[in-house]
Amino acid sequence: ITVNDGDTNDDDSISVTVANLAPTVTLSGQSTANEGDTKHYTYATSDPGTETFTHSVDCGLNGTPSNDLFTAATGAGSFDCTFPDGPSSSTVTITVNDGEASDDDSTVVTVANVAPTVTLSGSSTANEGDTQHYTYTTTDPGTETFTHTASCGLNGTPSNDLFTAATGAGSFDCTFPDGPATSTVKVTVDDGD
């Protein structure tokens, strides 16, 4: 402050140390997902200063980030996380930095397993002594390694069992030695969970 009496003046001052305040970031989004799902997350940042922000996104050990959109002037943005396999959990985290300090917010996402769906194709009739060929495909939204069992039922004998663990697809033959009889041809595919 400077005061003047008309002839002379005097001044006095106080040195003010202005402390930075860390930003506060708030994350919004789902805390549950099925394997194979992509979930959308948004976040906002508050900070009393005039800042240019930077950020980092993490979908955790069991998630993959994409579509990372960020505004440096506001510290706000959004991103997606894809969860390839369940059951698992993944910690989704956003970190925002104002150049001097940072804040993060996170949510733990529980990722559920989805059972595979197997579709069997082949003949529903046979003569005694016939060998029929059966094929099957498997769908599953997760990233899986499959196992299987093939059965020709009580009145059939399996052979030529071919299977691909990465896709859950395969084929096998059933020989039906005697009739009249009925036999339930069945394939079971397991995704490990």
Side-chain angles (χ1 to χ4, degrees), residues 18-121 134-150 162-172 186-193:
V18 180
N20 178 67
L21 293 178
T24 301
V25 61
T26 304
L27 177 66
S28 299
Q30 293 289 316
S31 62
T32 59
N34 287 329
E35 62 182 4
D37 280 357
T38 297
K39 296 295 184 178
H40 187 67
Y41 296 88
T42 60
Y43 56 95
T45 301
S46 61
D47 192 304
T50 303
E51 314 284 5
T52 299
F53 298 99
T54 59
H55 81 297
S56 64
V57 166
D58 187 1
C59 291
L61 292 175
N62 298 302
T64 305
S66 62
N67 300 322
D68 184 5
L69 304 174
F70 177 71
T71 304
T74 63
S78 65
F79 60 96
D80 295 337
C81 287
T82 301
F83 305 100
D85 196 26
S88 65
S89 65
S90 211
T91 302
V92 175
T93 305
I94 178 67
T95 303
V96 175
N97 189 300
D98 68 2
E100 293 157 344
S102 64
D103 185 41
D104 60 59
D105 195 13
S106 62
T107 186
V108 176
V109 179
T110 302
V111 182
N113 179 67
V114 176
T117 300
V118 62
T119 303
L120 179 65
S121 300
Y134 295 89
T135 61
Y136 56 95
T137 58
T138 300
T139 58
D140 192 301
T143 303
E144 312 284 5
T145 299
F146 299 100
T147 59
H148 83 294
T149 56
L162 303 174
F163 178 71
T164 304
T167 64
S171 64
F172 59 99
K186 181 178 179 180
V187 63
T188 303
V189 176
D190 191 300
D191 68 2
D193 301 305

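By convention here, the first residue in the shown sequence is residue 1.
Contact record, F146 with V189: CD2-CG1, 3.6 Å, taken as the closest heavy-atom pair. Contact detail for V96 and F53: the closest heavy-atom pair is CG1-CD2, 3.6 Å. Shortest non-hydrogen contact noted between T45 and G75 is OG1-O, 2.5 Å. Scanning all heavy atoms of the two residues, the minimum distance from V108 to S89 falls at CG1-CB, 4.2 Å. Listed here is the closest heavy atom pair of P23 and A101: CD-O, 3.6 Å. Nearest heavy-atom pair, D104 versus T93, reported as atom, atom and distance to 0.1 Å: CB-CG2, 4.0 Å.
Here the side chain of T188 pairs no donor or acceptor atom with the backbone of T149 at under 3.5 angstrom. Remark: the backbone N or O of V25 is paired with a side-chain donor or acceptor of D103 at under 3.5 angstrom.
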Exercise for the section: Could you walk me through whether E51 and N20 pass side chain to side chain contact (heavy atoms under 4.5 Å, CB included), step by step? Expected result: CA-CA 10 Å; E51 314 284 5; N20 178 67; 3.4 Å; yes
Practice task
Decide yes or no on side chain to side chain contact (heavy atoms under 4.5 Å, CB included) for Y43 and D105, but give the supporting numbers first.
Solution key: CA-CA 9 Å; Y43 56 95; D105 195 13; over 6 Å; no
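For the side chain to side chain contact (heavy atoms under 4.5 Å, CB included) criterion with S78, the lone passing option out of T42, N67, I94, T71 is T42. With respect to P116, the side chain to side chain contact (heavy atoms under 4.5 Å, CB included) criterion is satisfied by exactly one of D140, T139, D193, D190: D140.
Counting heavy atoms from C-beta on, the side chains of N62 and V111 never come closer than 4.5 Å. No side-chain heavy atom of Y134 sits under 4.5 Å from any side-chain heavy atom of V187. Looking only at side-chain heavy atoms (C-beta outward), E35 and D191 come within less than 4.5 Å of each other. Between N113 and P87, some side-chain heavy-atom pair lies under the 4.5 Å cut-off.
In this structure, the separation between NE2 on H55 and OG on S102 is 13.5 Å, given to the nearest 0.5 Å. For the atom pair CG (N34) and CG (D85), the distance works out to 12.0 Å, reported to the nearest 0.5 Å. One finds the CG atom of L120 at 11.0 Å from the NZ atom of K186 (value rounded to the nearest 0.5 Å). D37 CG to T82 OG1: the interatomic distance, rounded to the nearest 0.5 Å, is 9.0 Å. With values rounded to the nearest 0.5 angstrom, T64 atom OG1 is found 11.5 Å from D80 atom CG. Between the CG atom in D58 and the OG atom in S90 there is a gap of 7.5 Å [rounded to 0.5 Å].
In this structure, F79 and Y41 have parallel ring planes: the angle between them is below the 30° cut-off, well short of the 60° mark.
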